[in-house]
Amino acid sequence: MNQEALKELLYKIADDLLILGHRNSEWTGFGPLLEEDIAFSSMAQDKVGQSYVLYQMLNNLGEQTPDTVAFMRNANQFHNCQLVELPNQEYDFSLIRHFLFDTADALRWEMLSQSSYEPLAQLARKIKGELRYHTMHANTWIKQLGTATEESISRLQHSLAFALPYALGIFERSPWEKELAADGIFEGEDVLQERWRAKVEEVVSQTDLTLPAWSTMAPVLGGRLGKHSEHLTPLLDEMGEVFRIDPTASW
C-alpha cells in the first residue's frame with residue numbers, strides 16, 4: 001500500500017471538513033431562522049469532529065498530532081479545495097455550497113466504505129449515517145427555495161453559477177489516482193465526479209433552477225496542491241488563535 005497516496009487522500013478529506021466546518025460555524029447566532037442556525041451549527045460540529053478522526057488516522061501513519069496539523073500549518077500546506085474556504089456571503093451561497101459539497105462528501109464516504117484500508121472503511125460506514133441528515137437538509141431547502149419565489153430562485157441561480165466552477169475543484173485529481181485505485185483504497189475522483197454530476201442533476205431537475213453545460217465550466221483547481229484564495233490565511237489565523245495562546249487547549 002502506497003502510504004503517501006493514502007496520506008494525500010486523508011489530508012484533502014480532513015482539510016475540506018475542517019475548513020467548511022469552521023465556515024458553517026460562522027452561522028451560529030446569525031442563521032436566517034432559528035432552525036437553520038441550529039442546523040448549520042450541528043453540521044459544523046459533525047464536520048470538525050470527522051476531520052479530527054482523520055487527523056488522528058494520519059497521526060497513526062506518522063504525521064504530527066491533530067492539533068498541530070489543524071492549527072499550525074500555513075495556507076500553502078492545506079489540501080482543501082477552494083470552495084470550502086470562500087466566505088459565507090448571503091445564505092443562498094452557503095446553502096448552494098452546502099448542497100454541492102455535501103452531495104460529493106456523502107458519495108465519497110459511500111465509496112470509501114468499500115476501501116481496502118480498513119480503518120478508513122470502518123470510519124466511512126459510521127459517517128455515512130451522519131451524512132444522510134446533511135444531504136436531506138440540503139436537498140429539502142434547494143427544492144423548496146428553488147421553486148418558491150422569483151427572488152429565491154434568482155438568488156439560488158446566481159449562487160449556483162458562481163459556485164459550480166469551485167465545486168468542480170473538489171474532484172481535482174491526486175498524483176496517486178492510479179495507485180489508490182490499484183490498491184483498492186479509493187476508486188478515484190473521476191468516478192466520484194460522475195456520480196456527483198448525476199445526483200446534482202437529479203435534484204436540480206426538481207426545481208426551477210438550471211444547470212449550465214458541464215463542458216462550459218472551467219474548474220477552479222490548485223487547492224489540493226496548496227494554492228488557495230486570499231480568504232484562507234485570515235481564517236486559519238482565526239482558527240489557530242486559541243491554540244497559539246494555549247497549546248494545552250483541547251477540541
Under the side-chain contact (heavy atoms from CB on, under 4.5 Å) rule, what do Leu17 and Leu54 come out as? Steps first, then yes or no, please. CA-CA 10 Å; Leu17 293 170; Leu54 288 165; 3.9 Å; yes
Show the numbers, then the answer: is there a side-chain contact (heavy atoms from CB on, under 4.5 Å) between Asp105 and Leu131? CA-CA 8 Å; Asp105 194 39; Leu131 291 178; 3.6 Å; yes
side-chain contact (heavy atoms from CB on, under 4.5 Å) between Leu156 and Leu160: does it pass, once the steps are laid out? CA-CA 6 Å; Leu156 286 184; Leu160 183 63; 5.9 Å; no
Might you work through the side-chain contact (heavy atoms from CB on, under 4.5 Å) test for Val220 and Leu168, ending with a clear yes or no? CA-CA 7 Å; Val220 177; Leu168 292 174; over 6 Å; no
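In this structure, Trp176 is not a member of the same hydrophobic cluster as Leu10, with clusters built from ILVMFWY side-chain heavy atoms closer than 4.5 Å. Note on Tyr133 and Val203: same hydrophobic cluster, where clusters join Ile, Leu, Val, Met, Phe, Trp and Tyr whose side-chain heavy atoms are under 4.5 Å apart, directly or indirectly. The hydrophobic cluster containing Leu225 does not contain Leu236, counting ILVMFWY residues as joined when their side-chain heavy atoms lie under 4.5 angstrom apart, directly or transitively.
Leu6 has its side chain out of reach of Met57: every pair of non-hydrogen atoms, C-beta onward, lies at least 4.5 Å apart. Residues His98 and Met43 form a side-chain contact, since some pair of their non-hydrogen atoms from C-beta on lies under 4.5 Å apart. Gln193 places none of its side-chain heavy atoms less than 4.5 Å from the side chain of Glu189. Residues Thr147 and Leu209 have side chains not in contact (no heavy-atom distance under 4.5 Å, counting atoms from C-beta outward). Contact annotation: the side chain of His231 approaches that of Leu86 to within less than 4.5 Å [non-hydrogen atoms, C-beta and beyond]. In this structure, the side chains of Thr233 and Asn74 stay at 4.5 Å or more apart for every pair of heavy atoms. Between Val191 and Phe186, every side-chain heavy-atom pair lies at or beyond the 4.5 Å cut-off. Side-chain contact check for Asn80 versus Leu18: every heavy-atom pair is 4.5 Å or farther apart.
Under the 3.5 Å distance criterion, the side-chain polar atoms of Glu172 are matched with a main-chain donor or acceptor of Gly222. Ser94 contributes no side-chain N or O that, together with a main-chain N or O of Tyr91, makes up a donor-acceptor pair within less than 3.5 Å. Without hydrogens or angle criteria, Thr207 side chain to Val204 main chain gives a donor-acceptor distance under 3.5 Å. With Ser154 contributing its side chain and Glu151 its backbone, the two residues share no donor-acceptor pair below 3.5 Å.
Side-chain contact check for Tyr55 and Asp15: at least one donor-acceptor pair (N or O, by modelled atom type) lies under 3.5 Å. Side-chain contact check for Gln50 and Glu130: at least one donor-acceptor pair (N or O, by modelled atom type) lies under 3.5 Å. Side-chain contact, Ser174 with Glu8: a donor N or O sits under 3.5 Å from an acceptor N or O. Asp92 and Ser159 form a side-chain donor-acceptor contact under 3.5 Å, judged by distance and modelled atom types alone. Remark: the His228 side chain and the Glu85 side chain contain an N/O donor-acceptor pair separated by less than 3.5 Å. Residues His22 and Lys47 bring no donor and acceptor atom of their side chains to less than 3.5 Å of each other.
Taking the charged nitrogens against the carboxylate oxygens, Arg224 and Asp16 do have a contact shorter than 4.0 Å, which makes a salt bridge. Ion pairing of Arg197 with Glu201 is absent here, as no side-chain N (NZ or NE/NH1/NH2) approaches a carboxylate O to less than 4.0 Å. Electrostatic pairing of Lys7 and Glu63 counts as a salt bridge here, judged by a charged N lying under 4.0 Å from a carboxylate O.
The shortest heavy-atom contact between Leu145 and Ser152 is O-OG, 2.7 Å. Of all heavy-atom pairs between Leu95 and Ile142, the closest is CG-CD1, 4.0 Å. Counting all heavy atoms, side chain and backbone alike, Ala218 lies closest to Pro165 at O-CB, 3.4 Å.
For Lys128, the NZ atom is densely surrounded, since the number of other residues' heavy atoms within 6.0 Å is greater than 12. The local environment of NZ in Lys199 is sparse, with at most 12 non-hydrogen atoms from other residues, nucleotides or ligands closer than 6.0 Å. Heavy atoms from other residues, nucleotides or ligands lying under 6.0 Å from CD of Glu118 number more than 12. Annotation: Gln206, atom CD; neighbour count of heavy atoms from other residues, nucleotides and ligands within 6.0 Å is above 12.
For the side-chain hydrogen bond (donor to acceptor under 3.5 Å, both in side chains) test with Arg97, the passing option among Asn24, Asp102, Asn88 is Asn88; the others fail.
For His79, the ring-ring contact (aromatic ring centres under 6.0 Å, His included) criterion is met by Tyr11, not counting sequence neighbours.
Among residues at least two apart or in separate chains, ring-ring contact (aromatic ring centres under 6.0 Å, His included) pairs with a member in residues 198-227 are Trp196-Trp214.
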